[in-house]
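Labels below follow one simple rule: chain letters A, B, ... track the order of the sequence lines, proteins then strands, and each chain is numbered from 1. Reckoned from all heavy atoms, side chains included, excluding hydrogens, waters and symmetry mates.
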Amino acid sequence: MNWSNMEERLGFSREEFMELLEVFLKAAEADIGLMQAGIDQKDHHKVARGAHSIKGAALNFELPVIREIAERIEKRANRGLLDGAREEIRLLCVSLLEISSAIQTGFTQCQAYSCSSGSCESVVRLRE
Amino acid sequence: MSRRILVVDNHPVMLKFMSELLSEEGNHVVTAEDGLAALDILKDFTPEVLFVDLIMPHVSGEKLCRIIRKNPKLRDAYVVILSAIAADEKIDFLAFGADACIAKAPFDQMRRHVLTVLKEAESGSRRTGSGMTIGGETMHPRQITRELLTVKHHFEVILETMKEGVVEITGNGRIVFLNQTALKLIGVPEDELIASRLTDLFQDSDRGKVERLLDANGNCHQNGGEALELVIGGKQASLKVLPLGSEDMGALVILEDLTERKLMEARLLRAQKMEAIGTLAGGIAHDFNNILTTIFGSISLAKLDAGPGSGMAERLEDIEQASRRAKELARQLLPFSKGGGPVRKRVSIQSIIREMHLTAQMDFRERTVLSFQDDLCDVDADEFQIKQAITHLVTNAFQAMPGGGKVRISAANSIVRGGNRLGIQGGKYVQISVEDQGPGIPDEHLSRIFDPYFTTRSSAKGLGLATVYSIMENHRGCVTVETKQNVGTVFHLYLPALEEADRVSSGDVQGAGRAEMRILLMDDEEMVRRVAGSMIEHLGYSVELVRDGTEVLSLYAKAGSNGKPFDLVILDLTVPGGMGGKETMEKLLQIDPGVRVIVSSGYSTDPIMTQHESWGFRGVLEKPYQMSELESELERVLQR
């Protein structure tokens, strides 16, 4: 996906879009920290809270991959289920790192915005 | 057009996006990261437009809207809900006071919708919308979110129907959620409680206990599962703190109304104390009354020998007077004694109170105001004990007003519902109220006033209200108290009401036939036998005396077979080491189902004494008895 198309589509200048993404990444970093602490402490509420926060922002940025992963984590955590959460968080991190790299490399392509097969696992496999 | 705008959202991206968008349009924008922060800002900032996220930690968007609408300064503000769940659930944002709702969406759509709504706000078209969510039509319901919403609703229903009060507080002790039970217990509107400090709910004496659960920064600590007992909303309650993970995440405070439990505990404790006193009082009733029976009988007989007007007769009168006082003293203890209820008959409360009023001292009469319901029901009660209870209450009322004041005594029919707080069965009662205009009973004394030996006066024994309590319990009624400082106190007595009149006719047995009537008296105490026997003879009857039930059965059977049956038998109830009244009665009924038997005992509250007819007895004689009482009961039973 072309980042300049995206910022244009969402109605931002390059600078504005970068700033917002940085806020998003910073908040997501804190949310992931919260989720990891939740897993360590077996506190599913913390995990759900962090996932919910990332999910909401992903909706604004039209990041379907990140939104789907976050939603899966949130749903299971709300039921008290934390098994597999670490792996899901790792997937989130990969996607977020992708965005981070894209910012640094001048916004060319970012797979976090697309998913050829519709499954997030495939995004990771593509990178591997 | 520049407007003052407040944006409330817990995500920094949304706050930044909204802040920049609205500022570009020339507005003065302030942001808050949650509902609690928004409430703090609103103390000093009055926005014209508010954008509020629906789902936020601490205070939700819905709750924030409701609080905003109760604030007179913000009543006309334009409130817009920002919702990510609008596609999955219809949000009735108009119901909680918002003017518009925008579904969260990609930024380009959000921008368009926000600006549209802002134009609507400028045109002053608030609250004219259809309740439709802007942007909601382009979103598609998602199964996952729907499931989560179902889980959320499920938890909400559980929370709202819990019998415990649940209060959520932030890490620094501020209230962000209360369920219905907590609101009812605290008794303060929700909008006044949200964002207030938990510790502010308690009176000074309890505040310290709650503060010790929070550290210097107001963070919550585990209280070790121990519940604190304190007063909240004027009610006794227990408080338990359950931290939500780490300290900064806040805690759940579980409140339980202890009013009912405390009442039950107090009732149980009082019952235990009464039982201990009952054991003592029962013993006194038996031995003391046996001695008094002998004294009374001997006095009655000695007076006959002394002749009227002699110096001896005067001294005997004094002895009789003193013995009567001894009898009254022993009788005052009887309501406490174990083993049963009062000696009941149908009585009119109005007649009892009017009679007491007529015989009271003049200054008491002048300071007493009586009032009665016209169709006041009778009650099934021990007249002596009811008089005793009313006397105690009236005496207390006068003592509470040494400087003067009126005592109001009233009686009315009262319907008490089942499951009431009084601890009595539902039904119709006669409620007797004794009201004074004294200083009221201090709170610290209120829970102890019915305890035996509790008194605030050095000259008093502290048995008055305990006696009242015991009398009411024995009548399957109760006593309650209402008191207000510097206004007065009113005690209410509840006695089960009788609906139908059932009066017993009475007549006299003429002395002429007495000589032919044979009475068999059984008592294990030789003195009682001797004196009671003499009294019966003096009344003109023939009497045979025996010491226990075995002798009664033998003599009664023999007399029947000899053609000289006994017309009446008097049985002592308790015969240590021998056959007592109850067993003898059972065997007498086998010999002669029509046998007339009077039961006699110093245990006037024994079930056999109070319900003697259920056991086959025709009459009852409470020891000690005087000549006139003996004569009256013998006449009554013999004429049946």
Discussion item. Looking at B/D34 and B/A37, would you say the former's side chain and the latter's main chain have a donor-acceptor pair under 3.5 Å?
Written reply: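 Yes, the answer is positive, given that a donor and an acceptor are paired below the 3.5 Å cut-off.
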
Worksheet item: Can you tell me if A/N60 uses its side chain to pair, donor with acceptor, with the backbone of B/A105 under 3.5 Å?
Response: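 Side chain of A/N60 to backbone of B/A105: a pair is present.
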
Fill in: Toward chain B, the part of A/E22 with a non-hydrogen atom under 4.5 Å
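A/E22 has no heavy atom closer than 4.5 Å to chain B.
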
Discussion item. Suppose we screen for ring-ring contact (aromatic ring centres under 6.0 Å, His included). Which residues come up paired with A/F12, at least two apart in sequence or across chains?
Written reply: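 Listed in chain order: B/F17, B/F107.
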
Fill in: Minimal non-hydrogen separation, B/I254 against B/L242, with atom names
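Where B/I254 meets B/L242 most closely, the heavy atoms are CG1-CD1, 3.8 Å.
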
Worksheet entry | Sorted by number, residues from residues 4-16 of chain B in contact with chain A (heavy atoms, under 4.5 Å) |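 Heavy-atom contacts from residues 4-16 of chain B to chain A are B/H11, B/P12, B/V13, B/M14, B/K16.
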
Worksheet item: How would you list all residue pairs meeting side-chain hydrogen bond (donor to acceptor under 3.5 Å, both in side chains) that involve residues 25-40 of chain A, not counting sequence neighbours?
Response: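 Only A/D31-A/S53, A/D40-A/R86 qualify under side-chain hydrogen bond (donor to acceptor under 3.5 Å, both in side chains).
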
Worksheet item: Under the ring pair (Phe, Tyr, Trp, His ring centres under 6.0 Å) rule, what pairs show up with a residue in residues 65-92 of chain A, not counting sequence neighbours?
Response: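 Every pair satisfying ring pair (Phe, Tyr, Trp, His ring centres under 6.0 Å) with a residue in residues 65-92 of chain A: there are none.
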
